[in-house]
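This report concerns only the one structure given below.
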Amino acid sequence: MEIPKTYDPKITEDKWYAHWLKHKFFKSTPDEREPYTIVIPPPNVTGVLHMGHMLNNTIQDVLIRRARMQGKNACWVPGTDHASIATEAKVVALLAEKGIKKTDLSREDFLKHAWEWKEKYGGIILKQLEKLGASCDWDRTRFTMENDLSEAVIDVFIDLYNKGHIYRGVRMVNWDPQGLTAVSDEEVIHKEVNSKLYYVKYKIEGSDEWITIATTRPETILGDTAVCVHPDDERYKHLNGKRVIIPMVNRSVPIIFDTYIDLEFGTGALKVTPAHDINDYNLGVKHKLEVIDTIAADGKMSAAAQFYIGEDRFAVRKKIAKDLEEMGQIVKIEDIKNKVGYSERTNAVIEPKLSMQWFLKMDQISKPALDNVLNGEIKLIPEKFVNTYKHWMENVHDWCISRQLWWGQQIPAWYDSKGNTVVAKTIDEAIEKFKSQKLEVKKEDIKQDEDVLDTWFSSWLWPISVFDGFKNPDGKDIKYYYPTNDLVTAPEILFFWVARMIIAGYEYQGKKPFTNVYLTGIVRDKQGRKMSKSLGNSPDPIELIEKYGADGVRVGMLLCSPAGNDLPFDDSMCEQGRNFSNKVWNAFRLINGFEVSSDIKQNDANKIAIEWFDAKFNEQVEIINDLYSKYRMSEALMTTYKLVWDDFCAWYLEMIKPEFVDGKSLPIDKATYDATLVFLEKVLKVLHPFMPFITEEIWHLIADRSEKDCIIVAEWPKTKNETADIIKHFDVVMEVITNIRNIRKQKNISPKEKLQVFEKVNQGEVIKTYDSLIIKLCNLSSFEYVTAKVDGAFSFVLKHAEYYVPLSQNIDVAAEKERLAKDLDYNKGFLKSVQTKLANEKFVANAKPEMVENEKKKMADAESKIKAIEEQLAGLN
RNA sequence: GGGAGCUUAGCUCAGCUGGUUCAGAGCACCUGCCUUACAAGCAGGGGGUCACAGGUUCGAACCCUGUAGCUCCCA
């Protein structure tokens with residue numbers, strides 16, 4: 001069979017993915033093995049795969065695949081999130097295209113459209129994950145709004161309400177005037193923008209005096225109910241007890257005094273609009289100010305504003321500035337930068353707004369979640385996030401959990417015609433509750449709360465609800481898989497989601513939901529910008545996979561993404577991954593092309609090579625295992641990469657590769673061939689979590705295997721905890737080889753020309769074991785030992801010996817002298833530094849004894865090397 | 001404004017409890033090779049005042065203090 005020179009992922013990826021599915025290798029059911037569980041951070045149903053998902057899910061897949069090979073019962077649960085705001089916005093937009101307004105539809109009809117949308121588009125992202133090679137147990141796919149999960153959400157709401165953790169009240173919330181809903185603090189993104197600071201003068205009532213305030217939001221002037229100054233501010237002390245007239249609306253409001261005021265900002269006088277700013281609101285509560293809500297839910301001026309009614313707040317900002325200017329009440333306008341809150345979902349400017357909402361009290365319920373991260377029961381990786389987490393948890397605010405949307409779990413609160421409230425699962429239960437409170441109600445008078453719950457109020461239950469922990473608390477699944485092992489997610493949702501899952505975990509299972517939280521970085525573009533749809537700077541992952549292969553993309557991404565570090569993405573990273581795939585492919589091609597002969601006896605070089613790689617492999621896999629245990633994924637990959645490329649391909653295969661004679665490759669002995677195949681299998685196994693497809697392909701090409709004998713379920717190589725001497729010896733051998741190659745290169749000698757090399761051992765015993773390898777890898781005609789130096793030869797000196805390479809060309813004595821002199825200088829400098837150290841009484845007295853011993857050894861080595869160089873120099877004269 | 005963290009080669013990052021002339025890896029770059037596994041390759045090579053300034057120590061990339069720049073979180 002002709003095997004192509006380059007690896008083609010297209011012919012392997014779909015084939016093996018289908019094969020894995022067919023044999024149910026991703027499937028997990030509880031058994032007696034140790035479980036290893038990951039629940040996917042459920043992507044939004046609205047989502048299409050972006051680079052963040054790629055990184056995230058590649059890491060999860062690597063962890064899951066390795067655990068599977070280690071013989072654990074690996075279970076990766078996939079699913080999607082209903083994403084209230086985002087999905088509702090999509091559906092509204094889609095309906096708008098058809099000329100349908102949401103307000104024209106009943107709730108039921110709207111939800112019908114939404115479900116249709118979900119069925120049609122909701123699964124795209126999971127399909128895309130298959131291309132990446134994600135080995136999720138697809139039979140376990142869940143959706144945060146399917147019946148069982150929704151029921152859990154409702155039950156939890158009722159339970160928390162009954163425990164007194166949930167309350168309803170009027171609070172200032174972050175209002176999204178586009179999504180027409182409240183959003184939580186965490187869903188507000190603060191951005192620095194260029195704004196104008198308007199200095200507006202207000203007339204002091206009953207006087208000719210004016211007071212100038214500074215504001216970035218003049219449109220809220222119409223809702224002002226006070227002007228506030230600092231009690232220590234000399235400029236305004238005389239205004240105590242005075243009132244000012246709000247322009248246009250001509251309302252008389254008090255001047256109040258509060259230390260909250262920043263004396264430096266603007267004029268030191270602040271207009272107070274309790275309805276439209278959280279700080280003003282707090283001032284208002286403190287000073288018992290009137291609240292005038294001048295901006296309606298849609299961001300337009302309300303009737304209470306009296307002017308500009310029905311016009312958008314930003315249009316009004318310009319208009320009122322102009323009108324005030326004409327009235328002569330604008331003192332000046334300055335350009336400033338300030339921070340403005342934007343809705344994470346719709347990107348609309350958030351309007352602080354007073355409204356009736358449901359809240360979850362966080363202070364008590366979050367306690368175990370804080371403690372168990374601080375005490376290490378749950379680990380955040382990298383650790384630096386513990387500080388951030390602590391800070392947030394210690395200053396946590398009550399969570400606004402109601403959203404003015406239809407897509408989501410409707411709040412199970414019921415109101416009678418008089419405004420009495422009960423919380424119950426069904427209307428019938430609600431009637432019972434009203435009755436038990438001695439309230440006579442008729443079914444038709446009872447109305448359910450219109451709002452739905454925040455999406456995170458459902459996804460915080462995810463690690464429990466995907467295993468039916470609410471529906472079936474004693475079920476096999478929840479008992480077996482919970483707590484899960486690792487959670488892989490982005491640091492931006494540490495509070496949105498991770499912290500809240502931990503809270504829910506302790507509240508409803510009395511146990512942590514997971515042990516390790518691996519926080520990935522954010523994928524950015526080359527200019528450091530976050531990848532986003534609006535910027536159009538995110539490459540299409542599917543196109544990348546087409547171009548570089550899934551394995552190449554996986555490797556490319558992981559190579560440069562340590563935990564918690566942002567990843568500046570560039571296509572060339574995938575190129576490195578693709579090149580690596582090809583390297584692996586060609587290692588296979590070489591081995592596959594060997595002609596094997598049982599008649600040939602294994603030579604010493606091969607024997608030694610095998611012994612060495614066996615030790616090297618063992619050593620490196622130990623390191624790789626250790627890196628995995630510390631979740632240092634990119635380092636585990638880099639170590640694997642070097643094990644394959646450098647140790648296996650560049651060294652081992654070159655050592656055992658049969659010689660090429662008379663236009664024909666010689667055969668390889670059977671023993672060496674067999675050992676090499678075993679090594680290849682082992683190497684493929686270690687590679688498999690990172691490169692699932694190519695490893696599976698080669699696994700099947702190198703042997704006749706049964707359908708079920710797949711690398712995906714092969715056993716992770718076992719290691720011994722020992723370092724063989726052979727590795728140390730080899731380091732010296734490699735140095736010798738590099739030096740000889742160097743001379744060849746410098747003297748411009750063809751690699752085909754055979755050279756002679758002589759070794760003069762100065763120190764330690766003569767080890768001839770590796771000679772045959774040196775001869776082979778350097779293409780030598782002979783490698784011999786001498787006791788005296790060889791005249792007229794090129795040479796180099798290592799720690800223990802001198803090496804001579806006689807060449808037909810004449811030695812450039814001057815150049816050679818210069819080179820040696822340089823070498824001598826270096827070694828003398830080294831010796832001096834060691835001697836100085838040893839001469840330092842304080843060093844000898846204070847340093848650890850082995851440190852001193854080591855220095856002495858260094859001194860001896862340096863001295864012998866210097867002697868050797870000096871002899872050579874003398875020989876050149 | 002409050003808090004956390006970062007700054008090591010052109011880029012992305014290692015560098016564990018200070019200790020080898022400790023300054024390292026991969027990529028990129030330069031030079032020479034189309035050597036029948038791989039040019040998506042091979043063999044070599046050049047790159048760094050470890051942000052800056054002090055201090056502690058026999059010894060500092062590592063510990064301490066200050067300065068500058070960047071990032072994130074909270075308000």
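Chain letters run A, B, ... following the sequence lines, proteins first, then strands; residues in each count from 1. All of these numbers come straight from a predicted model, not from anything done at the bench.
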Tell me, please, which residues at least two apart from A/W585 pass ring pair (Phe, Tyr, Trp, His ring centres under 6.0 Å). A/Y7, A/F588
Is the phosphate of B/G45, meaning OP1 or OP2, less than 4.0 Å from a side-chain N or O of A/N742? yes
Who are the ring pair (Phe, Tyr, Trp, His ring centres under 6.0 Å) partners of A/F648, not counting sequence neighbours? A/F613, A/Y652
State which residues pass ring pair (Phe, Tyr, Trp, His ring centres under 6.0 Å) with A/F730; sequence neighbours excluded, sorted by chain then number. A/W612, A/Y770
Which dot-bracket notation, 5' to 3', represents the base pairing of RNA chain B when pairs are defined as Watson-Crick or G-U with both distances under 3.5 Å, crossing pairs as [ ], and inter-strand pairs as |? (((((((..((((.....[....)))).(((((.......))))).....(((((..]....)))))))))))).
Phosphate OP1/OP2 of B/U31 contacted by A/K745 side-chain N/O (<4.0 Å): no
N/O (side chain, A/K5) to phosphate O (OP1/OP2, B/A39) under 4.0 Å: yes
A/E635: partners by salt bridge (Lys or Arg N to Asp or Glu O under 4.0 Å), with sequence neighbours left out: A/R632
Is the glycosidic angle of B/G47 within 90° of 0, making it syn, or outside that range, making it anti? syn
OP1 or OP2 of B/G41 versus the side-chain N and O atoms of A/N579: is any pair under 4.0 Å? yes
With a cut-off of less than 4.0 Å, is there a side-chain N or O of A/W645 near OP1 or OP2 of B/C42? yes
A/Y803: partners by ring pair (Phe, Tyr, Trp, His ring centres under 6.0 Å), with sequence neighbours left out: A/F796
Has A/Y548 got a side-chain N or O lying under 4.0 Å from the OP1 or OP2 atom of B/A40? no
